[in-house]
K.L.:
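Below are the structure tokens for one structure; questions will follow.
Ligands are counted one by one from 1 in listed order, and the atoms in each one are counted from 1 as well. Just so you know, these numbers use all the heavy atoms, side chains as well, and skip hydrogens, waters and symmetry mates. Index from 1, following the sequence.
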Amino acid sequence: MTDSAKAFYLTTPIYYVNDAPHIGHAYTTVAGDVMTRWHRMAGENVWFLTGTDEHGQKVLRTAEAHGVAPQEWADKLVADAWIPVLKTIDAANDDFIRTTQPRHMERVQRFLTQLKDTGFIVEGSYEGPYCVGCEEFKLAGDLIKNDAGEDCCPIHSKSVETISETNWFFQLSKFADKLIAHYEANPQAIRPESAYNEVMSFLRSGLQDLSISRSTFDWGIDVPWDDSQVVYVWFDALLNYATAVGLGDDPASEGGKKFASTWPADVHVVGKDILRFHAVIWPAMLMAADLPLPKCVFAHGWLLVGGEKMSKSKLTGISADSIVNLVGSDAFRYYFMRAIIFGQDGSFSWEDLVARYTSELANGLGNLASRVEAMVGKYFAGTLPTPGEYTAADVAIQELLAKTAAAADTKVRDFDFQGGIVAVKEFIDAVNLYVTEQEPWVVAKDEANNKRLATILYTICESLRAIAQLYAPIMPKSMAQLWSDIGAGESGIEFTLNDVARWGQLNPGVAITKGESMFPRIEEPESI
Ligand code: MSP
């Protein structure tokens, strides 16, 4: 693929820096990372963006409560928490945008000026409820009553504030019909289907213009033509997806070229709580500026604790470190993609994590690899033998691999991470069954069966070669180790997803080594 080809461009939401990340945030990033690694390993040009959302009242108030300036607070949280968590979960993002960076702020101002010049931003006044937790203007129908009879945000369980201000408005109401028409023509633009239906019914109920500036505090990007106002944090934040790749830059400049090679985004991965911002406000902003719309917004579910969205403010946040320290980053990634259907809510439990780690990774895959590595060591002095004639059982494995590779590719690309993993897991189960049925340790007892023994062990190693490729986007570190242990690097095979199913790629004669255990047994944590 040439450099000028349009990249597969995927984004995560940019995270509020009012607090440190928990596994709910890591979940979004891991999903984006798995998807982009999949496309990258298939040889595609990819751009994976994540970052932080640093303006607005929520961050300002947290900084004030800690007695520091908001910029200082944001700098500290980004350096101490948000950048490190990417390493913890092994995310391979291509860029990290912060909304306090000049590259973002300048492009936001230019975009705003363009919308003002074209008449989509006008002056107006607003009075109504606002949730600082969501940084969102609420509609009466969005709210619930608390025990004291006050209006509350259902997500944050906190009473909303009433805002009354004269400020700048984006004429969102003008875009309801256009958005409906767009989504009717492109039902794949909002996924899963439940999210699509939610947005469509919201759009059909009509849209109000959106207040996009605030005058009562100053932690934000200045409205370019009115220094008494700062830009509403969501209007600023949504633009990150485009400012990070050069929005509005001269087409001949580096930014302009980057924009041409990335925009429109292929997928914005978001949590379902922020779906409307992404599937209503954001595309309307793009329509107003005559820019192409993202191809898809995928809304995943929540990680629940006690039936509620996990959150730091409700003291239910679990850090990624606490899990990664126990099972490693690969198993962390595997677990969340494997256990929860992407697009639905799911509950995290230590018991389930440990059970799956033990049965699927340590016993299922880890054991298969260490057994065959040990057998090649014992029977063939650690050198991959040349296979003889294949029997029906061997051919069945080869055929199953072809089906597995095709199914995994279709499912992962379609956001069915669980289905993709299960397809590979079923292949691993089939290879384990093959080992049990072929009994290589019995075959090894008679020297005359040496060729059959070679064929069995070669079949298992070839299967592991393919498993390493198919699982690499999910578990990059351990699969790189497996790849090298079974001599795939030495065989000169490219570590990509292309051609996974072609049988016979490992070169007989390469060294098979028994490396460190990929998924060592774990001590059960005290919390179990
Ligand atoms: N700053 C906004 C996003 C702006 S994007 C232009 C924001 N930030 S956030 O830090 O509150 O949330 C970021 C992402 O983390 C969202 O996709 C949200 O759904 C996700 N999660 C936060 N808690 C979560 C769970 N308990 N479970 C799953 N994802 C959750 O919103």
Side-chain angles (χ1 to χ4, degrees), residues 10-32 49-60 62 74 77-78 81-82 85-86 89 91 96-100 104 108 131-136 153 155-158 195 212 220-221 231-244 247 265 267-283 285-286 294 297-320 323 336-337 339-348:
L10 182 146
T11 66
T12 73
I14 48 171
Y15 301 98
Y16 286 129
V17 291
N18 62 310
D19 212 336
H22 57 63
I23 55 174
H25 306 112
Y27 178 61
T28 314
T29 308
V30 164
L49 175 72
T50 188
T52 43
D53 189 354
E54 306 187 6
H55 292 126
Q57 255 168 312
K58 178 159 152 154
V59 172
L60 175 63
T62 313
L77 264 254
V78 169
W82 290 96
V85 76
L86 295 172
I89 61 176
F96 187 96
I97 186 154
R98 301 182 53 185
T99 53
T100 51
H104 173 72
V108 167
C131 169
V132 175
C134 298
E135 292 281 17
E136 185 176 15
C153 160
I155 297 173
H156 291 90
S157 311
K158 282 193 186 142
I212 55 139
I221 300 175
V231 179
Y232 167 48
V233 61
W234 269 100
F235 212 76
D236 154 358
L238 287 163
L239 278 162
N240 91 86
Y241 302 129
T243 60
L247 172 71
V267 194
H268 294 310
V269 177
V270 301
K272 65 179 185 180
D273 48 326
I274 55 174
L275 172 64
R276 277 189 210 168
F277 294 102
H278 286 83
V280 176
I281 299 175
W282 176 226
M285 290 164 67
L286 291 165
V297 173
F298 194 102
H300 66 68
W302 286 338
L303 299 190
L304 306 175
V305 175
E308 279 193 60
K309 180 179 177 230
M310 175 181 300
S311 90
K312 266 279 171 85
S313 59
K314 290 185 180 167
L315 303 177
T316 53
I318 298 170
S319 76
I323 298 177
F336 286 104
M337 295 297 100
I340 299 166
I341 296 174
F342 202 61
Q344 294 184 15
D345 291 348
S347 293
F348 167 76

K.L.:
Taking His25 as the fixed residue, which of Trp302, Trp82, Phe336 is the one that meets the ring-ring contact (aromatic ring centres under 6.0 Å, His included) rule?
P.N.:
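With His25 as partner, ring-ring contact (aromatic ring centres under 6.0 Å, His included) holds for just one option, Trp82.
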
K.L.:
When you look at His300 and Val270, which way does the side chain to side chain contact (heavy atoms under 4.5 Å, CB included) test go after all the steps?
P.N.:
CA-CA 6 Å; His300 66 68; Val270 301; over 6 Å; no

K.L.:
Can we say Asp53 and Arg98 salt-bridge, meaning some charged N sits less than 4.0 Å from an Asp/Glu carboxylate O?
P.N.:
no

K.L.:
Enumerate the pairs of nitrogen or oxygen atoms, one from ligand 1 and one from the protein, separated by less than 3.5 angstrom; state names and distance to 0.1 Å.
P.N.:
residue: ligand 1; atom: 1 (N); partner: Ile14; partner atom: O; Å: 2.8
residue: ligand 1; atom: 1 (N); partner: Asp53; partner atom: OD2; Å: 2.7
residue: ligand 1; atom: 10 (O); partner: Tyr16; partner atom: N; Å: 3.2
residue: ligand 1; atom: 17 (O); partner: Gly271; partner atom: N; Å: 2.8
residue: ligand 1; atom: 19 (O); partner: Asp273; partner atom: OD1; Å: 2.6
residue: ligand 1; atom: 26 (N); partner: Leu303; partner atom: O; Å: 3.2
residue: ligand 1; atom: 26 (N); partner: Met310; partner atom: N; Å: 3.3
residue: ligand 1; atom: 26 (N); partner: Met310; partner atom: O; Å: 2.9
residue: ligand 1; atom: 27 (N); partner: Leu303; partner atom: N; Å: 2.8
residue: ligand 1; atom: 29 (N); partner: Gly24; partner atom: O; Å: 3.2

K.L.:
List the residues meeting side chain to side chain donor-acceptor pair (under 3.5 Å) with Lys58, not counting sequence neighbours, and say none if there are none.
P.N.:
none

K.L.:
I would like to know whether Trp234 and Ile212 meet side chain to side chain contact (heavy atoms under 4.5 Å, CB included); could you show each step before the answer?
P.N.:
CA-CA 8 Å; Trp234 269 100; Ile212 55 139; over 6 Å; no

K.L.:
Less than 6.0 Å separating the ring centroids of His55 and Phe235?
P.N.:
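That pair fails the under 6.0 Å test.
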
